[in-house]
Asks: 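Okay, here's the structure, questions in a sec.
Because only heavy atoms are used, hydrogens play no part in the values below, and waters and symmetry mates are left out as well, while side chains stay in.
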Amino acid sequence: MFRSIALAALAALPFLVAAQPAVAPVCPNTIPHEPILMFDVNGGTLAGPVDMQLTVYNDGSARVCKTQSIFGTSDARFTTVTPLAARQLVGDVAALGAGTLCDLDDFTSDVPTSTLTILRDATDTRARTFSWTGPSGNYGLIEQRLYAFIHAHFPGF
């Protein structure tokens, strides 16, 4: 009896080991260019569909792009800010609650969904993502700070 239990346990061992999640290797960060903030706005409006995305990296690289299909226009821009300014943006939205806010299911007609993802400044990172429709409360303050960054660093966008 004991032998059959031991054999069954040994036979199951390869399956248990295979089911364990793989541990990510610790790699040197030879190219410090990791995203620390991603903000996108996507959906329908009275003026037609809109799709906009801002990505900010820990080295200060920042990219914003927008498409409005009703007018057939698109715009994509790239700039570099100081790494301190990039981290300050993340710190500002975190201070406004970005690290703790949850999805806001506030149905608003003809308003696109905004989604914000903040990431830790590392190669192996965790992220916090949440979405909202209609800028209210802290969601509105966060959106205001993000658009202030866009207008300051991408003039005329």
Asks: Minimum heavy-atom separation for Leu104 and Gly134, please, with both atom names.
Replies: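 Closest approach of Leu104 to Gly134, heavy atoms only: CD2-O, 4.4 Å.
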
Asks: As an exercise, state the distance from NE2 of His151 to CD of Gln144, rounded to the nearest 0.5 Å.
Replies: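 It is 10.0 Å, given to the nearest 0.5 Å.
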
Asks: Do Ser114 and Glu143 pair up side chain to side chain, a donor and an acceptor below 3.5 Å, judged on atom types alone?
Replies: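 Judged by distance alone, the side chains do pair up.
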
Asks: Does any part of the side chain of Leu146, heavy atoms only, come nearer than 4.5 Å to the side chain of Leu116, both counted from C-beta?
Replies: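 SC-SC contact between Leu116 and Leu146 confirmed.
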
Asks: What heavy-atom pair brings Arg128 and Cys102 nearest, and what distance separates the two atoms?
Replies: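 In this case the closest contact between Arg128 and Cys102 is NH2-SG, 3.9 Å.
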
Asks: Test side-chain contact (heavy atoms from CB on, under 4.5 Å) on Trp132 and Val111 and set out the steps.
Replies: CA-CA 10 Å; Trp132 66 94; Val111 176; over 6 Å; no

Asks: So Leu37 and Phe39, do their side chains get closer than 4.5 Å, heavy atoms only?
Replies: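 Touching, per the 4.5 Å side-chain cut-off.
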
Asks: Rounded to the nearest 0.5 Å, what separates atom CZ in Arg87 from atom CG in Asn58?
Replies: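 So the gap between those two atoms works out to 6.0 Å.
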
Asks: Considering only residues two or more places apart or on different chains, which pairs with a residue in residues 41-60 satisfy ring pair (Phe, Tyr, Trp, His ring centres under 6.0 Å)?
Replies: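 Checked against ring pair (Phe, Tyr, Trp, His ring centres under 6.0 Å) - neighbours excluded - the pairs reaching residues 41-60 are His33-Tyr57.
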
Asks: Evaluate the side-chain proximity of Arg63 to Phe154: yes if any heavy-atom separation is below 4.5 Å, no if none is.
Replies: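 No, their side chains stay 4.5 Å or more apart.
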
Asks: Determine whether Leu119 and Thr117 make a side-chain contact, defined as any pair of heavy atoms from C-beta on separated by less than 4.5 Å.
Replies: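 With C-beta onward as the side chain, the pair touches.
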
Asks: Is the shortest heavy-atom distance from the side chain of Leu101 to the side chain of Ile142 under 4.5 Å?
Replies: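 Yes, at least one pair of side-chain atoms sits under 4.5 Å.
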
Asks: Give a yes-or-no answer on whether the side chains of Thr67 and Ser74 include a donor-acceptor pair shorter than 3.5 Å.
Replies: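 No.
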
Asks: How about Asp75 and Phe157: do any of their side-chain heavy atoms sit closer than 4.5 Å?
Replies: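 The answer is yes; the side chains approach within 4.5 Å.
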
Asks: Between Asp51 and Lys66, is the closest basic N to carboxylate O distance under 4.0 Å?
Replies: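 Answer for the salt bridge query: no.
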
Asks: Say you draw a straight line from CD1 of Ile36 to CE of Met38; how long is it, rounded to the nearest 0.5 Å?
Replies: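 These two atoms lie 11.0 Å from each other.
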
Asks: Please test Arg145 against Leu96 for side-chain contact (heavy atoms from CB on, under 4.5 Å), starting from the C-alpha separation and ending with a verdict.
Replies: CA-CA 9 Å; Arg145 176 62 179 102; Leu96 293 169; 4.3 Å; yes

Asks: Under 4.5 Å between any side-chain heavy atoms of Asp92 and Phe149, yes or no?
Replies: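 When only atoms from C-beta onward are counted, Phe149 and Asp92 do not touch, as no gap falls below 4.5 Å.
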
Asks: Of Asn42, Thr113, Thr115, which meets side chain to side chain donor-acceptor pair (under 3.5 Å) against Ser131?
Replies: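 In the set Asn42, Thr113, Thr115, the residue that makes a side chain to side chain donor-acceptor pair (under 3.5 Å) with Ser131 is Thr115.
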
Asks: Got a second to check how far Ile150's CD1 is from Leu54's CG, nearest 0.5 Å?
Replies: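 The CG atom of Leu54 is 4.5 Å from CD1 of Ile150, to the nearest 0.5 Å.
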
Asks: State, with a plain yes or no, whether a side-chain heavy atom of Pro112 is found less than 4.5 Å away from one of Thr133.
Replies: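 Pro112 does not reach Thr133 side chain to side chain.
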
Asks: List the steps, then state whether side-chain contact (heavy atoms from CB on, under 4.5 Å) holds for Asp40 with Met52.
Replies: CA-CA 5 Å; Asp40 66 80; Met52 192 270 304; over 6 Å; no

Asks: Please give me the minimum heavy-atom distance between Val56 and Ala86, naming the atom from each residue.
Replies: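 Closest approach of Val56 to Ala86: CG1-CB, 3.6 Å.
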
